[in-house]
Peer 1: 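Let me begin by handing over the structure; questions about it come next.
Note that the coordinates shown come from a computational prediction; the quantities given were computed from them, not determined experimentally.
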Amino acid sequence: QGRWPLRRASPPGLPPQSRRPAAMAKSKNHTGNNQVYKNHRNGIKKTRRPKKMSMQGMNCKFVRNQAFAKRGMNCTPEEKETRLAAQKEAQKKMEEKKVVERADRLKELQEAAAAPKSKK
């Protein structure tokens, strides 16, 4: 009962929580204290490479066609031989056609080169 009271009385009607002084703001929001130890407990491993490439995000029309093409490639050894023979024949025909076209083109070029000379 001295001059200064030891405790200040809170205004009447306020709950007792408001009588406590406000806590200071927290300054520490994050720490990586134990994280490195925890990460290395089981070891840091490289990611596994996939055996098959993902088709996700690819053009679905292309993916579908690719699947059908792969199925079309499956054949018996006899079929494979006949396909190879047909392919070789087609290749021979194309080479013969190329030779003929090249000869025709050379002939045309020679005629074109000879024509202006004869006009003079």
Peer 1: Identify, with sequence neighbours excluded, every residue that meets salt bridge (Lys or Arg N to Asp or Glu O under 4.0 Å) alongside Glu108.
Peer 2: Arg105
Peer 1: Sequence neighbours left out, what passes side-chain contact (heavy atoms from CB on, under 4.5 Å) with His30? Give chain and number order.
Peer 2: none
Peer 1: Who are the side-chain contact (heavy atoms from CB on, under 4.5 Å) partners of Lys107, not counting sequence neighbours?
Peer 2: Glu111
Peer 1: Under a 4.5 Å cut-off applied to non-hydrogen side-chain atoms, are Gln87 and Leu84 in contact?
Peer 2: yes
Peer 1: Within this structure, what is the NZ-CD distance for the pair Lys98 and Glu101, rounded to the nearest 0.5 Å?
Peer 2: 9.0 Å
Peer 1: Looking at every non-hydrogen atom in both residues, tell me the closest pair between Asn39 and Ile44 and how far apart they are.
Peer 2: O-CG1, 4.0 Å
Peer 1: Enter the distance from Lys80:NZ to Asn74:CG here, rounded to the nearest 0.5 Å.
Peer 2: 10.0 Å
Peer 1: With a cut-off of 3.5 Å and sequence neighbours excluded, list every side-chain donor-acceptor pair involving residues 53-60.
Peer 2:
residue: Ser54; atom: OG; partner: Gln56; partner atom: N; Å: 3.1
residue: Asn59; atom: OD1; partner: Lys61; partner atom: N; Å: 3.2

Peer 1: Partners of Asn34 by side-chain contact (heavy atoms from CB on, under 4.5 Å), sequence neighbours excluded?
Peer 2: Tyr37, Lys38
Peer 1: List for me each residue that meets side-chain contact (heavy atoms from CB on, under 4.5 Å) alongside Arg83, sequence neighbours excluded, and say none if there are none.
Peer 2: Cys75, Glu79
